[in-house]
Each structure stands twice: as C-alpha cells, then as structure tokens.
Protein chains: 2
Amino acid sequence: MSSTIYDIAREAEVSIATVSRVFNNSSSVTRKTREKVLAVAENLGYHPRALAQSLARKKTKIITVIVPVISNYFFMEVLAGMQDKIADYDYDLQIFNVKIADDLLNQADHIMKRGWGEGYVVISVHLADSEWELLDKYNVPVVLIDEYYPGFDTISVDSIEGAYTATSHLIEQGYTSIGMICAKPDSKPIIDRRLGYRRAMEDAGLLVDPGLIVTGDDMERDGFTENNGYQAMTKLIQNKQPPQACFCASDIQALGAIKAMRDNNVKIPVIGFDDLEFSEYVGLSTMRQPMYEMGALAIEKMVKRLEEKQSDITHTVFSPDLVLRTSSPDFAGITKTKDKPVTS
Amino acid sequence: MSSTIYDIAREAEVSIATVSRVFNNSSSVTRKTREKVLAVAENLGYHPRALAQSLARKKTKIITVIVPVISNYFFMEVLAGMQDKIADYDYDLQIFNVKIADDLLNQADHIMKRGWGEGYVVISVHLADSEWELLDKYNVPVVLIDEYYPGFDTISVDSIEGAYTATSHLIEQGYTSIGMICAKPDSKPIIDRRLGYRRAMEDAGLLVDPGLIVTGDDMERDGFTENNGYQAMTKLIQNKQPPQACFCASDIQALGAIKAMRDNNVKIPVIGFDDLEFSEYVGLSTMRQPMYEMGALAIEKMVKRLEEKQSDITHTVFSPDLVLRTSSPDFAGITKTKDKPVTS
DNA sequence: CTGAAAGCGCTTACAG
DNA sequence: CTGAAAGCGCTTACAG
C-alpha cells in the first residue's frame with residue numbers, strides 16, 4: 001500500500017542506502033541527489049517506518065510510561081512534567097495503562113516483555129521487592145515514581161516528613177488531641193505517614209492515642225477512597241473522646257471525612273495529603289507533592305541512564321509542601337515551601 | 001544481550017521456524033519438541049520481540065490513542081472504557097499525548113507517520129476538515145471522539161440537544177431571563193451549544209438577549225478555563241439587567257462563574273456541561289457526557305474496521321444526561337437519563 | 001559522495 | 001510434524 005524505501009530508490013535512481021541517508025540527515029549526500037530523493041518521497045508520500053528503523057538500529061527511541069488508569073490528577077501532572085522535559089531529547093513518550101485491580105506484576109511484565117520501550121517509567125505502582133526483582137531481570141532501565149526499590153532509580157516524596165509537617169502544624173495551632181485517618185495499614189505510604197504523625201506528637205510531648213488512629217472498613221483501592229475516609233471520620237466522631245483535629249493520609253479520604261463531619265454536624269480542622277485537583281475547589285489543606293517536577297526528573301534520569309552507559313542508581317526524595325486552605329484553622333492562602341529535594 | 005530465536009533453536013536443536021511455531025501456538029508441533037523449546041526458552045529468558053514480530057507480520061497489534069495532555073477527567077473516563085473493552089480483543093492500547101498549545105496537526109502527523117499503531121483513536125482534538133483530510137491520506141483507520149469529520153468514524157455528544165435540555169430545564173423552573181457563558185465563539189461545541197440555548201429560548205417564546213450571551217476575555221485553551229468563566233459571570237452580573245439563571249458551556253467555566261458569584265455576593269442557578277471530577281464535589285449541575293461508553297465504543301469501531309475489510313463509516317451521537325445538583329434550583333440528586341445513542 | 005551486502009529478529013508459504 | 005529460504009523495511013560498516 002504505502003511506499004517503501006525501495007520504491008523511492010527506484011524512482012530516484014539511487015540506492016536504498018542513499019535514500020536512507022537522506023532521511024537520516026546523514027553525513028554526505030549531494031544537494032542534488034538529496035533534493036531528488038526528497039521530491040520523489042514527497043510525491044509518493046513516503047516516510048520511514050519507525051518499526052523497521054527500530055529493528056535495524058536496535059533502538060526504538062521510545063520511553064514507555066506505565067501508569068494505573070485511576071491515578072487521576074496526580075498522574076496528569078506527573079505526565080505533564082515528563083512531556084515538557086522529553087521535548088529536550090530525541091525520544092517519544094509512550095504510555096501503557098495498567099488496571100489497578102488486576103495483577104499488576106503480570107501487566108507490567110507483559111508490557112516490558114514486548115520490548116517497545118528502551119526504558120520504563122513506572123508511576124504509582126506498588127509491588128513487593130521480590131516482584132520488582134523479577135522485572136529487574138529484563139535488564140532494562142526502569143525509573144520508579146512514588147515507590148522505592150533499591151535496584152531502580154526512584155523518585156518519591158518523604159511521607160514521614162510530610163505527615164510530621166502536617167501534624168506539627170495542627171499542634172502549633174494549639175490542638176493537643178489529634179486523630180489520624182489511615183488507609184491500608186501495611187502499605188509503605190501509610191507506614192511512613194503514621195510514623196511521621198507519631199513523631200510529631202511525641203516531639204511535642206503529646207500522647208499518641210491508638211484509638212484516634214483509624215481507617216474505614218471499605219478497603220477497596222487499599223482504602224484510598226472517599227468512602228473509607230467517611231467511615232473513618234465517623235468512627236472518630238463516635239469516639240468517647242473525639243479528636244480536636246485530624247490528619248488524613250490522603251486527600252480523597254479527607255474529602256470523605258469532611259462529608260462525614262458535615263453529616264454529623266461537627267467540624268474540626270483537617271489536613272490531607274496529595275493535593276488533587278478537587279482539593280483546591282473544596283478548600284482542603286494538604287501536603288502537596290511536586291508532581292510536575294517529579295515527572296520531569298524521571299525523564300532526566302531515564303535519558304541519562306539510556307545515554308550514559310553506567311550512571312549510579314539514584315533515589316530522590318522530595319519534601320511535600322504544606323498548602324493551607326479553609327479546611328484547617330488559620331487559613332491564609334499561603335504555601336509554605338520546604339527545602340530542596342534530596343538525592344542520595 | 002537477551003537471547004534471540006536463533007539461540008533457542010540452537011540449544012533446542014530445532015529450526016527457528018519451529019521455535020517460532022511454538023511461540024505462536026501454531027498448528028502442529030510435537031508435544032515433545034514444544035516442551036523442549038519451552039524449557040530452553042525459559043532457561044534463557046527468551047521471549048519474542050514484538051518489534052520483529054510486527055515487522056514480519058506487518059501488523060503491530062496496537063491501537064494508538066492520541067489525547068491532549070490537559071484533558072483531565074473526561075479523558076480518564078474515556079480511557080477506562082477503552083481499556084475495559086480492549087481486553088476482549090488481541091490488541092494493546094498505546095497512548096501518545098499531544099500538547100494542546102502547540103500545533104496539533106503536526107503532532108498527530110508525527111505520531112501517525114511513525115506508524116506504531118494499526119489504527120488511531122483521537123480524543124478531543126479539534127482540527128479543521130482540511131487538516132483531518134491530510135491525516136486521512138495515511139489511509140489508516142481513525143476514530144474520532146468528541147469531534148466530527150465525515151471521513152472517519154466519529155463518536156460525540158449532541159451539544160445542541162445538551163444545551164437545549166439544560167436551558168429548557170432552567171426555563172421549566174420559571175426563569176425567563178437566562179444567560180449563557182460561551183468559550184471560543186467559532187468552535188464547534190460552542191456553536192452547537194449556543195444554538196441549543198437559542199432554540200430552547202425561542203421554543204419557550206422567550207427573548208434571546210445578545211447581551212446575556214458572553215464569554216471572558218482570557219482565551220487561553222479556547223476559553224475553557226475557570227478564569228474565563230469568572231470574567232464572563234462578572235460581566236453578566238454587571239449587566240444593567242442581570243439574568244436570573246445561567247447555562248455555562250463547560251463545567252470549568254461554571255466553576256469560575258460560581259466563584260465570581262460568591263465574590264459578588266449574588267447567587268443564581270447555574271448548569272454546566274461535561275461533568276468533570278470536581279463537579280460532583282462542588283455540587284455543580286451539568287450535562288454529563290457518557291465518557292466510559294464513548295471509549296468502549298471507540299474500541300469496538302476500531303477493531304471492527306481493522307478486522308473487517310470494508311465496514312461503512314459510522315457517526316455515533318450520544319445524548320448528554322442532565323445531572324442535577326445543588327448549583328441549580330430544584331436539586332433532587334437525580335440523573336435524568338435520556339434516550340439511547342443514535343448511530344447514523 | 002554512493003552502492004552492494006549483511007544484518008536486525010522474527011513469520012510463513014513451500015516442500016518434504 | 002519440521003526445515004530451508006525468502007521476506008518484512010530499514011541501517012550501516014565496508015569499499016570504492
């Protein structure tokens with residue numbers, strides 16, 4: 001149907017090598033032959049098949065992004081950062097979605113096995129070390145965002161620090177009884193955020209009441225749902241001694257928590273974690289993750305690894321920013337920016 | 001580095017043809033040889049390169065989705081529908097993002113030219129007929145979502161009907177002076193929505209006051225921004241005769257309109273168009289587009305076109321649903337579902 | 001500056 | 001049931 005390099009070569013009365021050179025801006029081709037080839041190509045609507053080029057070059061010039069379909073605004077922001085950054089390089093960005101519900105490892109494996117990308121950026125996919133190890137065997141560059149595994153470059157946000165900052169802020173406001181709404185208890189982000197919460201309480205000499213650390217019963221999506229937050233806040237409210245303020249492990253849960261408060265006619269300050277799109281609209285105070293920057297950095301790391309033979313594996317941890325809105329007491333509309341990211 | 005079909009053939013003492021057959025579940029291979037090949041492959045960590053397979057088969061088994069990066073929730077929902085549907089077929093979904101700001105035609109062209117996909121689903125990209133025509137020359141299946149071009153399969157929502165429904169609803173509530181907030185005046189969706197608005201007014205015997213059809217001054221993203229909506233509503237409010245209710249061409253603008261009302265201490269019923277993620281959270285009434293269904297249908301159409309040689313081009317138009325929330329008067333939390341989509 | 005030829009890693013009639 | 005061989009559409013030393 002569409003023409004190949006042979007058609008052009010024949011028409012332009014040159015060899016296919018020359019046609020190839022023209023399309024690769026290669027070294028030396030006479031202006032005259034170049035123009036002739038280009039004219040014929042234009043005429044026949046020819047353009048090199050990336051597929052064939054990739055096979056011959058043994059390079060696809062593609063960076064593949066693997067991302068769970070549900071990951072909403074966080075993902076869009078990260079992707080925007082990746083997209084803007086990749087414009088600086090000679091790579092295309094290709095995205096594959098995985099379904100969070102199904103077996104993530106298998107899906108990632110399926111994608112990587114096909115080998116379209118020269119490298120893979122995996123966003124918000126959480127696997128066990130032993131599972132990452134399996135993917136590591138493909139011996140292909142991988143950059144993880146929002147996850148940690150020693151064998152790959154990773155980019156994440158310091159959950160411990162974020163939780164510490166949020167909780168400390170509430171403490172500074174004068175609250176002494178502070179609750180925390182968690183999601184899946186043994187997931188990495190939750191473990192860390194719980195730890196940061198605890199530390200902030202302890203550093204302030206406050207009692208950590210296990211009864212005020214709750215999660216909802218609905219564990220779909222590891223508990224990172226509005227419903228879970230609603231249930232959790234309901235528990236807190238029904239507590240014999242409800243907290244005076246609350247730190248939520250995620251914005252989506254904070255949203256549910258706010259609804260629960262509204263339905264129960266109570267109102268205590270709440271701070272979430274993420275800064276999703278709707279957070280601004282509902283006035284939710286939160287710990288913001290620098291999503292755009294994370295995406296851009298992922299590309300930088302990936303390209304570096306692709307182009308330079310042996311660069312060391314790096315783990316970058318960003319500090320989340322406290323964004324104050326109306327859901328927490330001293331609303332002033334300001335963003336407290338924390339220090340620079342730390343790369344180790 | 002990683003092994004090829006030749007390595008396996010050598011180790012297993014068979015021809016590469018046989019190895020190929022094993023991995024294609026092809027017809028007849030002795031159980032014994034099959035097992036031997038599989039064992040060797042497993043041992044060497046072999047798996048066929050999709051790239052090479054695609055070249056040899058002249059089929060990539062990939063459907064490429066082209067989508068503007070900013071298209072938020074609408075896109076996520078559409079994609080979810082596509083993803084769920086494609087599971088029924090032997091194709092992979094690959095996504096390329098385009099930047100809405102830059103030259104869309106060039107970007108789409110760049111992507112299609114490379115030829116990764118066997119077909120392209122293009123979401124929310126708006127080009128002139130003459131531009132679509134250029135892409136048509138690639139002679140490759142294209143399905144358009146949220147756009148119309150005679151030469152491709154298309155899936156869209158009836159903007160005229162949606163605007164008519166929204167406006168009529170406001171009229172039924174008893175309002176006689178109804179404003180409309182538009183975006184880029186000469187874009188297809190705006191032209192249609194303005195038309196639907198007008199018709200509803202006229203059918204109800206109401207006066208269409210051109211002074212109540214406004215848009216903001218900020219025309220970034222064709223005016224589909226919060227800021228534009230804010231400016232537009234401000235204009236309406238400052239009108240000598242402000243409207244009693246307002247239909248907004250998009251949810252994002254409706255959001256800005258609501259903020260403008262809040263800042264000016266006025267409150268009139270508002271209905272948007274889209275049903276974005278935040279719409280529910282802010283209680284915005286709106287015309288909902290059946291995003292998930294549109295995505296699923298796009299895949300169906302694409303596969304059909306890919307597998308069956310000559311199927312006729314079809315244009316499917318969905319009717320948007322009126323979703324009533326607190327931003328419009330008679331909030332009842334119900335969804336009025338309209339009739340089935342029409343395929344022509 | 002340009003061509004002939006080998007090679008990228010597979011698939012698939014065609015024989016046997 | 002299996003192998004030899006041609007072919008998919010390019011790139012890239014190697015000569016000249």
Residue pair V142(A) / L144(A), side-chain heavy-atom distance below 4.5 Å: yes

Rounded distance in Å - CZ (R49(B)) to P (dC8(C)): 11 Å

Nucleic acid contacts of residues 9-19 of chain B, taken as heavy-atom distances under 4.0 Å to DNA chain D: V14(B), S15(B), A17(B), T18(B)

Length of the NZ-C1' vector between K61(A) and dC10(D), whole Å: 16 Å

Evaluation steps, side-chain contact (heavy atoms from CB on, under 4.5 Å), between V143(B) and T154(B): CA-CA 6 Å; V143(B) 174; T154(B) 65; over 6 Å; no

Evaluation steps, salt bridge (charged side-chain N to carboxylate O under 4.0 Å, His left out), between D153(B) and K304(B): CA-CA 11 Å; D153(B) 286 320; K304(B) 186 166 190 177; over 6 Å; no

Residue R21(B), side-chain heavy atoms: nucleotide from dC14(C), dC1(C), dC1(D) that is nearest: dC14(C)

DNA chain D contacts made by residues 50-60 of chain B, counting heavy atoms under 4.0 Å: L55(B), A56(B), K58(B)

SB check R114(B) D92(A) (cutoff 4.0 Å): yes

T33(B) vs dT2(D): side-chain N/O to OP1/OP2 distance below 4.0 Å: yes

Atom pair distance, as rounded to whole Å: NZ in K32(B) and P in dC1(D): 14 Å

Rounded distance [0.5 Å steps], CD in E131(B) versus CG in D136(B): 13.5 Å

Whole-Å gap separating P (dT2(D)) and NZ (K36(B)): 11 Å

Heavy-atom side-chain contact between T316(A) and K301(A) under 4.5 Å: yes

Ring centroid separation F96(B) to Y120(B) under 6.0 Å: no

W116(A) CH2 to dG9(C) P, straight-line distance once rounded to whole Å: 15 Å

Nucleotide dC8(C), atom P - distance to OH of Y6(B) in whole Å: 8 Å

Test item: S20(B) and I5(B) side chains (from C-beta on) under 4.5 Å apart, heavy atoms: yes

From M302(A) atom CE to T64(A) atom OG1, the distance as rounded to the nearest 0.5 Å: 8.5 Å

Atom-to-atom span, CD1 of I5(B) to C1' of dG7(C) - whole angstrom: 16 Å

Spatial distance of atom CD1 (I66(B)) from atom CG (L104(B)) [nearest 0.5 Å]: 10.0 Å

Pair assignment for DNA chain C - dot-bracket with | for other-strand partners, Watson-Crick or G-U under 3.5 Å: |||.||||||||.|||

Centroid-centroid under 6.0 Å between H315(A) and Y149(A) rings: no

Whole-Å distance separating the CZ atom of R114(B) from the P atom of dC10(D): 12 Å

dT2(D) phosphate, OP1 or OP2, under 4.0 Å from T30(B) side-chain N/O: yes

